[in-house]
Student: 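A single structure is presented below for examination.
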Amino acid sequence: MKTWRTKQKEHLNKLLYDTALLLFRTQGFENTTVQQITQQAGVAKGTFFNYFPSKEHVVTLWYQQNTLNVLSKLDKKTFSSSKEAIVTLISRLANWIRKESRLFEIKAGQVISCQILSEQERSLDLELIKYCQRHITNGVYTGEIDSNADIHFLSALIVTILTGTIHEWIVSSPRFALVDILVKRIEFVFQPVEISKQRNEGKSR
């Protein structure tokens, strides 16, 4: 059972996190100070640093939690093919980022300037690669994917396309249809390694 002190810490953590994100969304990252966050939350300024080293870490936590949440939900689903599993991941992430474009713009800009945050970003990319590897490996096993396909390279390429296309979308004006373009690019990557239905039928005879 959680103690009162533990519950209080969890409450303050969530309060500061939610308040910071609200202010980032409404008035921008640069225009939001730690003092504004703590004033809005009704706590002393120093309390913020008991939970977060910086404002940047709030945005990084937001990105990590949401990405891992998407992965966790998809891990519980059953897909008809490895391509469907990966296209579903790409679509879910792209739709979420499109809806939260302001926060993602902040995240995209801050990672470059902070080594710690860059390492966290790489760690999260590795989780995305692992997801792709699992499903592509399964695709090889079921005969959907050519057994000669380089599974690690293909998985890393998919994640590179995902992150690169999102950054391209962030800086483009006007912005293109993020989900549609990403799905088309991922489907294009699958074309050289997919085994046609006719070939599969021939193998089963």
Side-chain angles (χ1 to χ4, degrees), residues 10 13-14 17-18 21 24-25 57-108 110-111 117-170 175-197 200:
E10 290 177 351
N13 185 295
K14 188 175 186 307
Y17 175 80
D18 290 342
L21 292 180
F24 295 159
R25 288 184 182 106
H57 283 78
V58 176
V59 181
T60 298
L61 179 61
W62 162 81
Y63 180 65
Q64 287 178 322
Q65 287 182 340
N66 281 277
T67 302
L68 293 175
N69 184 49
V70 170
L71 286 169
S72 177
K73 287 180 177 179
L74 293 184
D75 279 340
K76 298 172 184 176
K77 291 179 64 68
T78 301
F79 299 96
S80 62
S81 67
S82 61
K83 184 168 75 172
E84 182 192 13
I86 292 170
V87 167
T88 301
L89 169 68
I90 297 299
S91 299
R92 293 274 181 92
L93 290 174
N95 270 312
W96 160 57
I97 289 165
R98 183 174 54 81
K99 293 174 182 176
E100 288 279 24
S101 60
R102 191 160 195 182
L103 286 177
F104 194 82
E105 286 172 8
I106 296 167
K107 189 209 76 68
Q110 73 187 21
V111 168
L117 299 184
S118 296
E119 290 171 358
Q120 291 173 341
E121 175 93 346
R122 286 192 289 271
S123 176
L124 203 53
D125 283 351
L126 183 59
E127 292 302 315
L128 294 171
I129 289 172
K130 287 178 180 177
Y131 174 92
C132 294
Q133 284 179 324
R134 286 197 303 273
H135 287 285
I136 293 171
T137 300
N138 186 62
V140 171
Y141 178 77
T142 59
E144 174 199 352
I145 303 295
D146 192 322
S147 59
N148 292 317
D150 187 328
I151 295 172
H152 178 75
F153 173 79
L154 188 58
S155 302
L157 177 60
I158 288 168
V159 174
T160 299
I161 289 171
L162 169 65
T163 55
T165 303
I166 290 170
H167 283 279
E168 179 187 351
W169 178 78
I170 287 291
R175 285 179 173 164
F176 50 83
L178 179 60
V179 178
D180 292 344
I181 294 298
L182 266 172
V183 169
K184 286 179 181 178
R185 290 178 179 180
I186 298 306
E187 288 180 339
F188 179 79
V189 168
F190 268 90
Q191 287 178 11
V193 297
E194 281 186 296
I195 298 176
S196 68
K197 184 178 180 182
N200 275 327

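These values consider heavy atoms only, across backbone and side chains, with no hydrogens, waters or symmetry-generated copies.
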Student: State, yes or no, whether a side-chain contact exists between Thr67 and Glu127 at a heavy-atom distance under 4.5 Å.
Tutor: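 No - every pair of side-chain heavy atoms lies 4.5 Å or more apart.
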Student: Using a 4.5 Å cut-off on heavy atoms from C-beta on, say whether the side chain of Thr60 contacts that of Gln64.
Tutor: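 With C-beta onward as the side chain, the pair touches.
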Student: Any pair with a residue in residues 149-164 that passes side chain to side chain donor-acceptor pair (under 3.5 Å), sequence neighbours left out, goes on the list, sorted by first then second residue, please.
Tutor: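 The answer is Gln133-His152.
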Student: Judged by atom type as modelled, is there a donor-acceptor pair below 3.5 Å linking the side chain of Asn69 to the main-chain atoms of Gln65?
Tutor: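 Judged by distance alone, no pair lies under 3.5 Å.
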Student: Could you give the distance from CD1 (Ile106) to CD (Glu100), rounded to the nearest 0.5 Å?
Tutor: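 It is 10.0 Å, given to the nearest 0.5 Å.
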Student: Are the side chain of Tyr131 and the backbone N or O of Ala85 linked by a donor-acceptor pair below 3.5 Å?
Tutor: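 Yes; at least one donor-acceptor contact below 3.5 Å.
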Student: Given side chain to side chain contact (heavy atoms under 4.5 Å, CB included), test Arg134 with Asp75 step by step and report yes or no.
Tutor: CA-CA 10 Å; Arg134 286 197 303 273; Asp75 279 340; 2.9 Å; yes
Student: What do the steps show when you test Leu103 against Arg25 for side chain to side chain contact (heavy atoms under 4.5 Å, CB included), and what is the final call?
Tutor: CA-CA 7 Å; Leu103 286 177; Arg25 288 184 182 106; 3.5 Å; yes
Student: Begin with the C-alpha distance, continue with both residues' side-chain angles, and end with the deciding distance and a verdict on side chain to side chain contact (heavy atoms under 4.5 Å, CB included) for Ile86 and Phe190.
Tutor: CA-CA 10 Å; Ile86 292 170; Phe190 268 90; 3.6 Å; yes
Student: A cation-pi test, strictly: NZ or CZ of Lys14 under 6.0 Å from the centre of the six-membered ring of Tyr17 and no more than 45 degrees from its axis. Yes or no?
Tutor: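 No, a cation-pi geometry is absent between Lys14 and Tyr17.
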Student: Could you walk me through whether Lys184 and Glu187 satisfy the salt bridge (Lys or Arg N to Asp or Glu O under 4.0 Å) test, starting with their C-alpha distance in whole Å, then the side-chain angles of each, then the deciding distance to 0.1 Å, before giving a yes or no?
Tutor: CA-CA 5 Å; Lys184 286 179 181 178; Glu187 288 180 339; over 6 Å; no
Student: Kindly give the heavy-atom pair with the smallest separation between Arg98 and Val179, and that separation in Å.
Tutor: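 Smallest heavy-atom distance, with atoms named: NE-CG2, 4.4 Å.
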Student: Please list, chain by chain and in numerical order, all residues satisfying side-chain contact (heavy atoms from CB on, under 4.5 Å) with Arg175, sequence neighbours excluded.
Tutor: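 Here the qualifying residues are Ser101, Glu105, Trp169, Ile170, Ser172.
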Student: Under the side chain to side chain contact (heavy atoms under 4.5 Å, CB included) rule, what do Val140 and Asp146 come out as? Steps first, then yes or no, please.
Tutor: CA-CA 6 Å; Val140 171; Asp146 192 322; over 6 Å; no
Student: First locate atom CD1 of Ile145, then atom OG1 of Thr137, and finally report the distance between them rounded to the nearest 0.5 Å.
Tutor: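 Here the interatomic distance stands at 10.0 Å.
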Student: Can you confirm whether Phe104 sits close enough to Val59 that some side-chain heavy atom of one is under 4.5 Å from a side-chain heavy atom of the other?
Tutor: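 Result no, sub-4.5 Å side-chain heavy-atom pair not found.
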Student: Working to the nearest 0.5 Å, report the span between CD of Glu144 and CD of Glu84.
Tutor: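 So the CD of Glu144 and the CD of Glu84 are separated by 9.5 Å.
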Student: Measure the spacing between CD1 of Ile166 and CD1 of Ile161 and express it to the nearest 0.5 Å.
Tutor: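 Reported to 0.5 Å precision, the distance equals 12.0 Å.
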Student: Is it true that, when you exclude Tyr141 itself, more than 12 heavy atoms of the residues, nucleotides or ligands shown sit nearer than 6.0 Å to its OH?
Tutor: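 Incorrect, the count does not exceed 12.
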Student: According to the ring-ring contact (aromatic ring centres under 6.0 Å, His included) rule, which pairs have a member within residues 72-102, sequence neighbours left out?
Tutor: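 Residue pairs passing ring-ring contact (aromatic ring centres under 6.0 Å, His included), neighbours aside: Trp62-Trp96, Tyr63-Trp96, Phe79-His135.
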Student: For the CG atom of Leu126 and the CZ atom of Arg122, what is their distance to the nearest 0.5 Å?
Tutor: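 With rounding to 0.5 Å, CG (Leu126) is 11.0 Å from CZ (Arg122).
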Student: Can you tell which of Leu89, Val87, Ile136 makes a side-chain contact (heavy atoms from CB on, under 4.5 Å) with Ile158?
Tutor: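 Result for side-chain contact (heavy atoms from CB on, under 4.5 Å) with Ile158: Ile136.
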Student: Any chance you could measure Leu128, atom CG, to Leu93, atom CG, to the nearest 0.5 Å?
Tutor: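 One gets 6.0 Å once the value is rounded to the nearest 0.5 Å.
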Student: Within the side chain of Thr165, is there an N or O that forms a donor-acceptor pair under 3.5 Å with the backbone of Leu162?
Tutor: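 No, Thr165 side chain to Leu162 backbone: no donor-acceptor pair under 3.5 Å.
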